[in-house]
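Following: one structure in structure tokens, then a few remarks.
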Amino acid sequence: MGASLDTLSSPSRHPASQQPASLLPTLPGSDYTSPEVFDRDQAAVFARSWICIGRADQVVTRGAFLRADVAGQDVFVVRGRDGRLRGFKNLCRHRGAVLCTDDGGTFGNAIRCTYHAWTYSLDGQLVTAPNMTDMPDLVKADHGLLGVRAEEWLGYVWVTIDAAAADLDQQMRPQLEARLGDPGTLDRYGISDLIVGHTITYDVASNWKSIAENFMECYHCATIHPELTAALPQFASGYGTVSGGVGAGAVLADDRAAFTLSGRAAHRRLPGLLDSDDRLFYGIVLRPNAFIILVSDHVLFFRADPMAAGHTRVVVDWLFHLDEVRRPGFDPADSVRIMDITNRQDFAACERCHAGMRSPDYRGVLVPAEHVICDFYDWYRQMTGAAA
Ligand code: FES
Ligand SMILES: [Fe+2]
């Protein structure tokens, strides 16, 4: 009685102008689902940023290489005779054959193209080619491999295909300071000295931005993460560590000795930590697509590789101190389980969102506990020129 036909047929309306001030709009659905936007993200974000491509301990010996796709470009890094890591486009300067086809391996003492045997030194110089005497005017220095900037940081290899990009430190340090306050906090964990105790790769049917956003907010924690909130009770409040403000770390539940599924202590404290670090959990986002979790006896490193608008491959490493991994009876399973369960809960939620975001009626909103995601949107719009 009294309700118009229009009201009855439209139980909820969503023009942005009618939203209460506490609800802020998400990006439009097409920013997550459209192949064209995915291509824009690749060009505007991933082709212009430093991107983690893998572990530095995969490229320790002379001639060892690691190959990756960065924003659609095939690149590799290789360990030189001088011990330095260098990055190159995976492209022979003769007629364009790729120089490596495996994701990793070794070139040996030189990089020899398998097509016509043009051969490059490990620092990318053209050294020799068959029938060189036929080409007395060939200037070798003009035909070396095309370089890509590469750095090692936190035990990982980072590259950028943008020759004009700011240094890696300039990309990462402001983010660390905004998250942790004191960047020395990260240093105490000695991440460069840790080694991989376990790795899981997750193929997620969701956009890379949804996965970053999910990592930033804890509004979902009470609903989907019973194991995580049992270990970290404050997460049930909707505020995690990323959304909790500068320097915020979450404290383990009183009945927990460590961040494990059982709650039992599993490993010794990382050697650089203070007593005050002992029961803390920190989440850190390193845009565009790396995330770190710090707990007192291990570190988790996430890399979210964008594969397509609706496909992100997330590689998660559980990192431990070398002495701990070498200790007889080392078993990472209890530490792995709590976060593997949590990851699967998160990624299933991201997949459900991705399915819904295809709807022309999608108009997502962020509640106050999620407003931290607006910082991510500001960065994203600045990188891509996407409309606010
Ligand atoms: S394409 Fe590499 S040597 Fe010809
Ligand atoms: Fe989560």
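When a ligand or atom number is given, it counts from 1 through the structure's own listing order. Note that the structure is a prediction, hence the values are computed from the model and not measured.
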With atom 4 (Fe) of ligand 1 as the centre, enumerate protein N/O/S atoms below 2.8 Å in chain and residue order.
->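 Atoms qualifying: H94 ND1, H116 ND1.
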Contacts of the Fe ion (ligand 2) with protein N/O/S atoms, counting only those under 2.8 Å =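 Correct list: H220 NE2, H225 NE2, D346 OD1, D346 OD2.
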If you draw a 6.0 Å radius around CZ in R256, do more than 12 non-hydrogen atoms from other residues or ligands fall strictly inside?
->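 Enclosed: over 12 neighbouring heavy atoms sit under 6.0 Å from CZ of R256.
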Is the ring centre of W158 less than 6.0 Å from the ring centre of W50?
->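 No, the ring centres sit 6.0 Å or more apart.
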Ring-ring centroid check F330 H267, cutoff 6.0 Å |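 Centroid separation for F330 and H267: below 6.0 Å.
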Apply the ring pair (Phe, Tyr, Trp, His ring centres under 6.0 Å) test between F215 and each candidate in F291, F376, F347; give the one that qualifies.
->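 Result for ring pair (Phe, Tyr, Trp, His ring centres under 6.0 Å) with F215: F291.
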Flag the pair R344 and D340 as a salt bridge only when some basic side-chain nitrogen lies within less than 4.0 angstrom of an acidic carboxylate oxygen.
->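 D340 and R344: salt-bridged.
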Connected hydrophobic set around F88, excluding itself, where side chains approach under 4.5 Å =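 ILVMFWY cluster around F88 also holds F65, F76, V78, L99, F107, I111, W118, Y120, L122, L126, M132, M135, L138, L145.
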Given a cutoff of under 4.5 Å between side-chain heavy atoms of I, L, V, M, F, W and Y, with clusters grown through shared members, what are the other residues clustered with L146?
->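 Other cluster members: L91.
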Flag for K89-Q73: side-chain donor and acceptor within less than 3.5 Å |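 Present: a donor and an acceptor within the cut-off.
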For M357 and S210, what are the C-alpha separation, side-chain angles and deciding distance, and is it a side-chain contact (heavy atoms from CB on, under 4.5 Å)?
-> CA-CA 10 Å; M357 285 168 166; S210 295; 3.9 Å; yes
